[in-house]
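Owing to the predicted nature of the structure, the values given are computational and were not obtained by experimental measurement. These numbers come from the heavy atoms of this one structure, side chains and all, not from hydrogens, waters or symmetry mates.
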Amino acid sequence: MEFTASQIASFIDGQIIGDESTVITGVSPIENGESGHLSFIAQDRFSHFLDTSKCSVIIVSEKLIDKVNYNPTLIVVKDAYLSFQILMNLYQEMQGRKEGIENGSSIHDTAVIGNKAYIGAFTYVSEKAKIGEGSQIYPHVYIGKGVKIGKNCKIDSGARIYDYCIIGDNCVIHSNTVVGGDGFGFQPTAEGFKKIPQLGNVIIEDDVEIGSNCSIDRATIGSTIIGKGTKIDNLIQIAHNVKIGQNNVIAAQAGIAGSTTIGDWNQIGGQVGVVGHIKIGNQVKIQAQSGVNSSVGDRETLYGSPAISYNDYLRNYVHFRNFTEIVKRINNLEDTSKDKTNE
């Protein structure tokens, strides 16, 4: 698809510096710009590319403009990063959406498929499942008994949605993620560990995105809940009966143990581990590779394992790096003290 600088500027309310008829046919990272391509610059550390990039058109934040003439055509906006996101979303919408049921899929007679939905080949839709209007279910997906999927969702190839789970509107679930697998519940007995039946489900509210290869376990009783607007990266484990609030972001390889409650607007870094049966408040930031083993209030920033206040961790780590030298100094002081006592 081809667009002129003028057309692009009209989408994002931008001001053009240069030739508004310049045509672009693709996009490039600013570091590897190509003629005929579009890119963006939102930070000062990349501003030198305004003079050196081979891109034909660059979207740039207005705060970075410091002269009148530039080699590429510029589209000046308040926030180049946000504007570029808007363009990418518009482009994705222009690609169109699939509709209909492909050959090779299996849909139970009691399942309900909404208007303009798409069911890919080799997908299995179980009895009494409901798939909302405009949702896209790609090939090799399993939809269990009684599952409800809202409008305009996208379930990528290889995902598994187990029985009676509920997914809201505008959700995205990427490949090979399992929603509603059994929670990890076992009772120790003299004969070994006996499995506790996992009878609940998973509820995923509107506007949630879940990356690939995640496991979100069904509740033992009740529901595991992922709140509206939450974004979950790849390779994440969320255990049974966890309740996650709205607009959280959780980075790759994090694990949240059973029956933990997490509030709203939290940021959880990669490889964070959270023990079960605790509460994490709102607007909490947990740095990567931290281990959280106790409840946390609102607006805290944590680091370490076990996780403590981020500022306390940094101060303590300075001493830890010098720990050997500190021990030597203490030993020397003790030796000196003993010598003076013996005198």
Side-chain angles (χ1 to χ4, degrees), residues 29 42-43 45-46 79 81-82 84-85 88 156 159 171-179 181 183-184 202-217 224-321 323:
Q43 298 177 357
R45 63 194 178 102
F46 295 108
D79 185 335
Y81 185 69
L82 178 60
F84 197 73
Q85 287 183 349
M88 288 191 293
D156 267 326
C171 291
V172 177
I173 298 176
H174 289 277
S175 293
N176 301 320
T177 280
V178 176
V179 175
F184 192 63
V202 175
I203 297 175
I204 296 173
E205 297 180 352
D206 297 346
D207 305 312
V208 170
E209 181 157 348
I210 300 171
S212 61
N213 297 295
C214 295
S215 292
I216 302 177
D217 293 342
T224 301
I225 299 174
I226 311 297
K228 182 178 179 179
T230 287
K231 313 301 181 186
I232 295 174
D233 199 358
N234 305 322
L235 296 164
I236 286 173
Q237 159 69 17
I238 296 175
H240 58 181
N241 293 95
V242 167
K243 291 179 172 53
I244 296 176
Q246 297 185 7
N247 298 306
N248 292 277
V249 288
I250 306 175
Q253 298 183 353
I256 302 170
S259 298
T260 281
T261 299
I262 296 174
D264 302 331
W265 292 101
N266 297 295
Q267 299 177 31
I268 298 176
Q271 296 185 334
V272 164
V274 181
V275 302
H277 299 272
I278 66 171
K279 293 184 178 180
I280 294 175
N282 305 308
Q283 300 180 50
V284 174
K285 296 179 181 179
I286 306 174
Q287 307 292 328
Q289 295 190 326
S290 295
V292 182
N293 63 2
S294 60
S295 292
V296 180
D298 294 344
R299 292 179 290 279
E300 294 195 36
T301 301
L302 305 179
Y303 195 22
S305 185
I308 60 175
S309 163
Y310 179 69
N311 290 330
D312 286 346
Y313 180 91
L314 292 180
R315 283 192 291 267
N316 291 337
Y317 188 70
V318 171
H319 297 305
F320 176 75
R321 292 182 62 185
F323 190 68

Under the side-chain contact (heavy atoms from CB on, under 4.5 Å) criterion, do Val242 and Val274 qualify, and how do the steps go?
CA-CA 11 Å; Val242 167; Val274 181; over 6 Å; no
Go through the steps for Val202 and Ile238 under the test side-chain contact (heavy atoms from CB on, under 4.5 Å), then give the verdict.
CA-CA 11 Å; Val202 175; Ile238 296 175; over 6 Å; no
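With contacts defined as side-chain heavy-atom distances shorter than 4.5 Å, the pair Leu302/Val272 does not qualify. Side-chain atoms of Ile262 and Ile268, non-hydrogen and from C-beta on, do get closer than 4.5 Å to each other.
Under the 3.5 Å distance criterion, with hydrogens and angles disregarded, a donor-acceptor pair is assigned to the side chains of Asn234 and Ser212. Side-chain contact check for Asp264 and Asn247: no donor-acceptor pair (N or O, by modelled atom type) lies under 3.5 Å. Side-chain contact of Asp217 with Gln237: a donor-acceptor pair under 3.5 Å is present, judged by distance alone.
Rounding to the nearest 0.5 Å gives a distance of 10.5 Å between NZ of Lys243 and CD1 of Ile226. Rounded to the nearest 0.5 Å, atoms CG (Asp233) and CD1 (Ile210) are 12.0 Å apart. With rounding to the nearest 0.5 angstrom, the CD atom of Gln283 is 9.5 Å from the CD atom of Gln267. Note that CD1 of Ile244 and CD of Glu205 are 11.0 Å apart. Values are rounded to the nearest 0.5 Å. One distance of note links CG of Asn311 with OG1 of Thr301; it measures 7.5 Å at 0.5 Å rounding. The CD1 atom of Ile204 sits 10.0 Å away from atom OG1 of Thr224, with the distance rounded to the nearest 0.5 Å.
Between Ala239 and Ala257 the shortest heavy-atom distance is CB-C, 3.7 Å. Taking every heavy atom of both residues into account, Lys228 and Asp207 meet most closely at CE-OD2, 3.5 Å. Across every non-hydrogen atom of Arg315 and His319, the tightest pair is O-CD2, 3.4 Å. Listed here is the closest heavy atom pair of Ile232 and Cys214: CG2-SG, 4.1 Å. Closest of all the heavy-atom pairs between Thr260 and Val275 is OG1-O, 2.7 Å.
Side chain of Ser305 to main chain of Gln289: no donor-acceptor pair is present (N/O by atom type, distance under 3.5 Å, no hydrogens or angles). Side-chain N or O atoms of Lys285 include none that pairs as donor or acceptor with a backbone N or O of Tyr303 at under 3.5 Å. Under the 3.5 Å distance criterion, the side-chain polar atoms of Ser290 are matched with a main-chain donor or acceptor of Gly304. Ser295 places a side-chain N or O within donor-acceptor distance of the main-chain N or O of Lys279, the cut-off being under 3.5 Å.
Residue Asn266 is tested with Asn248, Asp298, Asn282 for a side-chain hydrogen bond (donor to acceptor under 3.5 Å, both in side chains); the sole match is Asn248. Under the side-chain contact (heavy atoms from CB on, under 4.5 Å) test applied with Ile278, the options Ile256, Val292, Val296 reduce to a single match, Val292.
Residue Tyr313 qualifies as enclosed at atom OH: its count of foreign heavy atoms under 6.0 Å is above 12.
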